[in-house]
Amino acid sequence: MPRARKDGAALAEAVAMRPRDWGAGFEAQPLARSAEGTIAVLDDQCRWQRRALPDDVLASLSLYSQLPGTGKRGTVKVTATVTVHTAVLDADDHVSATLEEALRCPEQQVRADERIAQLMSVGTPRGTRGNNYADDSVLETGVYLTGTGTGTGKADYRWMILRLGTVTMTVSIKGAEGYTVDELEQFMTRGTTTMLDRVEHELGGGEG
């Protein structure tokens, strides 16, 4: 397991999904990656902010990709986040907190004119409901809203966090017109399984 921040950063870089990893046609979003040395935090006003890494986190990296719209299909946006914690307990607390966040903030502000709403989450520890692949996982579903008033756009939203040892991996997907939930969940499966495999490889078989 990584002990220093430079090792944690190297692990996050090795694991996080690049545009090419998602499949044909994906490209980097205009903002392609998160600021170095920061982590996404849901504040007391239910707004997502980037803050400096806390002492119990070695590294956190988010990479933003998209599948541009064609024909009657809109643009799907995906985010892959890898966070490397100092200890298993810290990583476990991170996963547990996500269950509470959906209850505390059923609507969350992502940007000035973007928010996620109608959030519901379910946790699946190892050994329950077919989870034989990660130490813990949480799936969150809802809708992604853009704009305000009569101009508000609405899309399916999926978010999943997995933990393997001290590493948490997150995939979030903002759907688009012309895509079914099943198609979005295929992207979710590709992102989570790929990153799990990479963590297991990097750590010599994983933990648990």
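Side chains included, hydrogens not; waters and symmetry mates left out as well; all remaining heavy atoms used. We're numbering straight along the sequence, starting at 1.
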Among the clusters formed by ILVMFWY side chains lying less than 4.5 Å apart, do [X] and [Y] turn up in the same one?
{"X": "Leu184", "Y": "Met188", "value": "yes"}
{"X": "Leu196", "Y": "Val84", "value": "yes"}
{"X": "Ile161", "Y": "Trp48", "value": "yes"}
{"X": "Val143", "Y": "Leu119", "value": "no"}
{"X": "Leu67", "Y": "Met17", "value": "yes"}

Give me the atom names and distance for the closest heavy-atom approach of [X] to [Y].
{"X": "Trp22", "Y": "Gly191", "result": "CZ3-CA, 3.7 Å"}
{"X": "Met195", "Y": "Val15", "result": "CG-O, 3.3 Å"}
{"X": "Leu58", "Y": "Arg3", "result": "CD2-O, 3.7 Å"}
{"X": "Ala176", "Y": "Ala155", "result": "N-CB, 4.4 Å"}
{"X": "Leu11", "Y": "Glu202", "result": "CD1-CB, 3.5 Å"}
{"X": "Asp135", "Y": "Gly165", "result": "OD2-N, 2.8 Å"}

Practice problem: Could you walk me through whether Thr79 and Thr170 pass the side-chain contact (heavy atoms from CB on, under 4.5 Å) test, one step at a time? | Solution: CA-CA 8 Å; Thr79 300; Thr170 302; over 6 Å; no

Working to the nearest 0.5 Å, report the span between [atom1] of [X] and [atom2] of [Y].
{"X": "Lys154", "Y": "Thr146", "atom1": "NZ", "atom2": "OG1", "result": "12.0 Å"}
{"X": "Gln118", "Y": "Leu145", "atom1": "CD", "atom2": "CG", "result": "7.0 Å"}
{"X": "Gln108", "Y": "Trp159", "atom1": "CD", "atom2": "CH2", "result": "9.0 Å"}
{"X": "Thr81", "Y": "Ile39", "atom1": "OG1", "atom2": "CD1", "result": "9.0 Å"}
{"X": "Gln109", "Y": "Leu42", "atom1": "CD", "atom2": "CG", "result": "11.0 Å"}
{"X": "Leu139", "Y": "Thr192", "atom1": "CG", "atom2": "OG1", "result": "10.0 Å"}

Are any non-hydrogen side-chain atoms of [X] and [Y] less than 4.5 angstrom apart?
{"X": "Val78", "Y": "Pro19", "value": "no"}
{"X": "Ser121", "Y": "Thr98", "value": "no"}
{"X": "Ser34", "Y": "Arg50", "value": "yes"}
{"X": "Arg126", "Y": "Leu164", "value": "yes"}

Quiz item: If you look only at pairs with a residue in residues 108-138, which of them pass as a ring pair (Phe, Tyr, Trp, His ring centres under 6.0 Å), with sequence neighbours excluded?
Solution: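 Passing the test, one end in residues 108-138: no pairs.
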
Taking only residues at least two apart or on different chains, which pairs with a member in [range] satisfy salt bridge (charged side-chain N to carboxylate O under 4.0 Å, His left out)?
{"range": "residues 33-47", "value": "Glu13-Arg33, Asp43-Arg47"}
{"range": "residues 103-123", "value": "Glu107-Arg115, Arg111-Glu114"}
{"range": "residues 57-85", "value": "Arg73-Glu183"}

Self-check item: Pair Val82-Val167, side-chain contact (heavy atoms from CB on, under 4.5 Å): steps then yes or no
Solution: CA-CA 7 Å; Val82 180; Val167 183; 3.8 Å; yes

Quiz item: Under the 3.5 angstrom rule, does the side chain of Glu140 hit a backbone N or O of Met120 as a donor-acceptor pair?
Solution: no

Practice problem: Keeping the roles fixed (side chain from Asp21, backbone from Arg18), state whether a donor-acceptor pair exists under 3.5 Å. | Solution: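 Flag set: sc Asp21 to bb Arg18 pair under 3.5 Å.
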
Tell me which donor-acceptor pairs under 3.5 Å the side chains of residues 85-95 have, and how far apart each pair is, sequence neighbours excluded?
residue: His85; atom: NE2; partner: His94; partner atom: ND1; Å: 3.2
residue: His85; atom: NE2; partner: Thr168; partner atom: OG1; Å: 3.3
residue: Thr86; atom: OG1; partner: Asp56; partner atom: O; Å: 3.4
residue: Thr86; atom: OG1; partner: Asp90; partner atom: OD2; Å: 2.8
residue: His94; atom: ND1; partner: Thr168; partner atom: OG1; Å: 3.3

Quiz item: What residues form a salt bridge (charged side-chain N to carboxylate O under 4.0 Å, His left out) with Glu185, not counting sequence neighbours?
Solution: Arg158

Quiz item: Parallel, tilted or perpendicular: which describes the rings of Phe26 and Phe187, with under 30° parallel and over 60° perpendicular?
Solution: perpendicular

Exercise. Any chance you could lay out the side-chain contact (heavy atoms from CB on, under 4.5 Å) test for Val110 and Tyr157, step after step, and finish with the verdict?
Key: CA-CA 13 Å; Val110 181; Tyr157 175 77; over 6 Å; no

Quiz item: Just wondering, are more than 12 heavy atoms of other shown residues or ligands nearer than 6.0 Å to CD in Glu177?
Solution: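 No, because the 6.0 Å sphere around CD of Glu177 holds 12 heavy atoms or fewer from other groups.
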
Practice problem: Take Ser60 and Thr38 through the side-chain contact (heavy atoms from CB on, under 4.5 Å) test and state the conclusion after the steps. | Solution: CA-CA 7 Å; Ser60 186; Thr38 66; over 6 Å; no

